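Note sheet for the following structure.
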Number of protein chains: 2
Amino acid sequence: MESEATETAETRWLDQTERDAWLRLVAVVELLPGVLDAQLRGSAGLTHFEYFVLAMLSEARERTLRMTTLAQRTNATLPRLSHVVRRLEDRGLVERVPCPEDRRATNAHLTDAGWDAVVDAAPGHVETVRTHVLDPLTREQLSQLRAIGDSLLATLDPEGRMTALFDGGA
Amino acid sequence: MESEATETAETRWLDQTERDAWLRLVAVVELLPGVLDAQLRGSAGLTHFEYFVLAMLSEARERTLRMTTLAQRTNATLPRLSHVVRRLEDRGLVERVPCPEDRRATNAHLTDAGWDAVVDAAPGHVETVRTHVLDPLTREQLSQLRAIGDSLLATLDPEGRMTALFDGGA
DNA sequence: CCCGTTTGGTTGTCGCTTCAAGTAACACCT
DNA sequence: AGGTGTTACTTGAAGCGACAACCAAACGGG
């Protein structure tokens with residue numbers, strides 16, 4: 001698909017090294033969510049995203065977080081999070097509590113049942129992460145992956161919304 | 001779900017290095033699809049997956065591929081691909097042709113309009129990939145990413161369905 | 001041949017994400 | 001106080017993907 005010249009700017013097509021890296025990254029990005037979802041759904045009846053939401057709450061002070069904060073940490077839009085939390089609330093895993101200091105705001109609070117759900121789901125999830133991601137890599141590759149991730153997130157997530165996890169993280 | 005305490009095997013939790021790598025990978029996996037979709041949708045009215053389908057066809061012999069083969073290369077389930085191809089056909093970008101050799105099978109063929117759509121969309125897409133993925137990384141990191149990707153795909157995609165791109169690829 | 005099985009694809013339904021719109025509360029300015 | 005704009009969140013409709021059920025054509029023995 002090498003088009004003739006004369007575009008506003010010449011497109012720099014990918015060389016072999018770039019293509020190799022890119023195709024593999026795309027494949028991983030495409031496949032990983034399915035694997036995570038399948039395992040969690042089968043063993044705990046949770047989406048990976050739902051699990052992630054519960055996990056974030058479980059690590060938060062008082063097991064409580066403002067919807068906006070939670071949305072940032074999970075990289076969700078507010079509508080998405082609102083729907084998910086409503087469903088989790090229907091299942092008794094999360095509670096919505098109006099925030100006393102700012103009456104516009106809502107605090108999402110992990111219930112005891114929600115805590116149990118995370119605790120139950122965690123080992124299987126960690127095991128999946130190990131077998132599919134961590135164990136196949138050498139220690140050196142883990143460090144490389146961390147560095148690569150940082151570089152990518154610098155442009156993918158310039159505000160560092162999701163990286164609150166790393167910096168202040170638990 | 002998990003029955004009583006102290007499961008069959010003690011869970012090996014993540015150490016710092018593992019956690020660092022994993023959280024960044026999750027963040028990238030979560031953010032990248034959105035970025036790709038947004039750019040392609042805005043500039044070409046295509047999903048990244050739709051673009052990928054068209055791109056696979058554009059590189060195939062005769063610009064034609066069996067549905068099953070196309071599904072494997074794009075890591076789609078057959079129902080998903082069927083729906084997507086129908087929509088692409090409605091827009092005149094793809095044609096369905098019954099396969100003469102195997103009358104169960106259907107060949108998806110890229111129309112001229114479909115070819116044009118890929119050619120139009122490609123530069124912007126490549127540019128996005130550059131700015132968000134390739135350019136932030138050093139040449140060495142690209143090689144590392146390739147190796148890491150290979151290791152992950154060994155377990156994520158054991159049959160190597162998606163890797164047909166690398167090996168025989170064009 | 002004929003029948004059971006496998007392969008190739010399509011269709012329908014459901015759940016989740018997104019997008020657009022709407023409501024309520026705060027904050028600031030006058 | 002009143003008005004304007006912004007923030008925080010919810011809701012409803014629309015679109016896409018997953019799963020299951022389905023049909024049709026191709027094997028593969030007896």
Side-chain angles (χ1 to χ4, degrees), chain A residues 29-42 45-54 64-91 93-109 159 161, chain B residues 29-42 45-53 64-91 94-109 159 161:
Chain A
V29 163
E30 197 75 19
L31 290 168
L32 192 49
V35 171
L36 299 177
D37 276 341
Q39 185 274 321
L40 277 169
R41 187 173 282 279
L46 291 171
T47 305
H48 177 246
F49 180 72
E50 291 173 332
Y51 172 83
F52 205 79
V53 167
L54 297 181
T64 298
L65 244 32
R66 292 269 282 263
M67 290 293 282
T68 302
T69 310
L70 188 53
Q72 289 174 345
R73 299 228 177 146
T74 57
N75 184 44
T77 59
L78 219 29
R80 178 186 185 186
L81 182 64
S82 184
H83 284 138
V84 169
V85 168
R86 176 175 46 70
R87 291 188 288 257
L88 291 175
E89 193 175 23
D90 291 342
R91 294 161 64 183
L93 305 181
V94 167
E95 243 177 2
R96 275 179 152 114
V97 182
C99 178
E101 297 136 351
D102 184 340
R103 280 184 306 185
R104 297 172 294 183
T106 306
N107 284 328
H109 174 252
E159 274 82 26
R161 309 186 316 171
Chain B
V29 164
E30 198 74 21
L31 290 168
L32 192 50
V35 171
L36 298 178
D37 275 341
Q39 185 274 321
L40 277 169
R41 188 173 280 281
L46 291 171
T47 306
H48 177 246
F49 179 73
E50 291 172 332
Y51 173 82
F52 206 79
V53 167
T64 300
L65 244 32
R66 291 271 281 267
M67 291 293 282
T68 302
T69 310
L70 188 52
Q72 289 174 345
R73 300 229 177 146
T74 57
N75 186 46
T77 59
L78 220 30
R80 178 185 185 186
L81 183 65
S82 185
H83 282 139
V84 170
V85 168
R86 177 175 45 71
R87 292 188 286 259
L88 291 175
E89 193 174 23
D90 291 344
R91 294 159 66 182
V94 168
E95 242 177 2
R96 275 177 152 118
V97 182
C99 177
E101 297 136 351
D102 185 339
R103 280 186 306 184
R104 297 172 293 183
T106 307
N107 284 328
H109 174 251
E159 274 82 27
R161 310 186 315 171

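Because the structure is predicted, anything quoted here is derived from the model rather than measured.
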What salt bridge (Lys or Arg N to Asp or Glu O under 4.0 Å) pairs are there with at least one residue in residues 75-88 of chain B, not counting sequence neighbours? A:Glu30-B:Arg80

Looking only at side-chain atoms of B:Arg103, point me to the closest of D:dA18, D:dA26, C:dT17. D:dA26

Among all residues two or more places apart in sequence or in another chain, which pass the ring pair (Phe, Tyr, Trp, His ring centres under 6.0 Å) test with B:His48? B:Phe52, B:His125

Between D:dG17 atom P and B:Asn75 atom CG, what is the distance in whole Å? 12 Å

Between atom CD in A:Glu101 and atom P in C:dA25, what is the gap in whole Å? 16 Å

I need the CG-P distance between A:Asp90 and C:dG15, as an integer number of Å. 13 Å

Using salt bridge (charged side-chain N to carboxylate O under 4.0 Å, His left out) as the criterion, list what pairs up with B:Arg104, not counting sequence neighbours. B:Asp102

What is the distance from CD of B:Glu89 to P of C:dT11, rounded to the nearest Å? 10 Å

For D:dG17, take OP1 and OP2 only and decide whether either is under 4.0 Å from a side-chain N or O of B:Arg87. yes

Spacing of A:Gln72 atom CD relative to D:dT7 atom C1', expressed in whole Å: 12 Å

Partner set under side-chain hydrogen bond (donor to acceptor under 3.5 Å, both in side chains) for A:Arg66, not counting sequence neighbours: none

Judged by each residue's nearest nucleotide on DNA chain D, which is more toward the 5′ side, A:Arg41 or A:Arg86? A:Arg86

Taking salt bridge (charged side-chain N to carboxylate O under 4.0 Å, His left out) as the test, write out the residues that go with A:Arg41, two or more places apart. none

Return the minimal non-hydrogen interatomic distance between B:Arg96 and B:Met67, and the atom names on each side. NH2-CE, 4.2 Å

When the distance from NE2 of A:His48 to C1' of D:dA18 is rounded to whole Å, what number comes out? 18 Å

Between CG of B:Asp37 and C1' of C:dC19 the distance, given in whole Å, is 14 Å

Could you list, one pair per line, each protein nitrogen or oxygen that sits under 3.5 Å from a nitrogen or oxygen of nucleotides 8-10 of chain C, together with the distance?
unit_1, atom_1, unit_2, atom_2, d
C:dG9, OP1, B:Met67, N, 3.4
C:dG9, OP1, B:Thr106, N, 3.1
C:dG9, OP1, B:Thr106, O, 3.3
C:dG9, OP2, B:Thr68, N, 3.0
C:dG9, OP2, B:Thr68, OG1, 2.1
C:dG9, O3', B:Thr106, OG1, 3.3
C:dT10, OP1, B:Arg96, NE, 2.8
C:dT10, OP1, B:Arg96, NH2, 3.2
C:dT10, OP2, B:Ser82, OG, 3.0
C:dT10, OP2, B:Arg96, NH2, 3.4

Apply side-chain contact (heavy atoms from CB on, under 4.5 Å) to residues A:Leu93 and A:Leu46 and explain how you reach the verdict. CA-CA 11 Å; A:Leu93 305 181; A:Leu46 291 171; 4.3 Å; yes

A:Leu88 CG to C:dC16 P, in whole Å, measures 10 Å

Have a look at A:Thr47 and say if it touches a base, only the backbone sugar-phosphate, or nothing, with a 4.0 Å heavy-atom cut-off. nothing

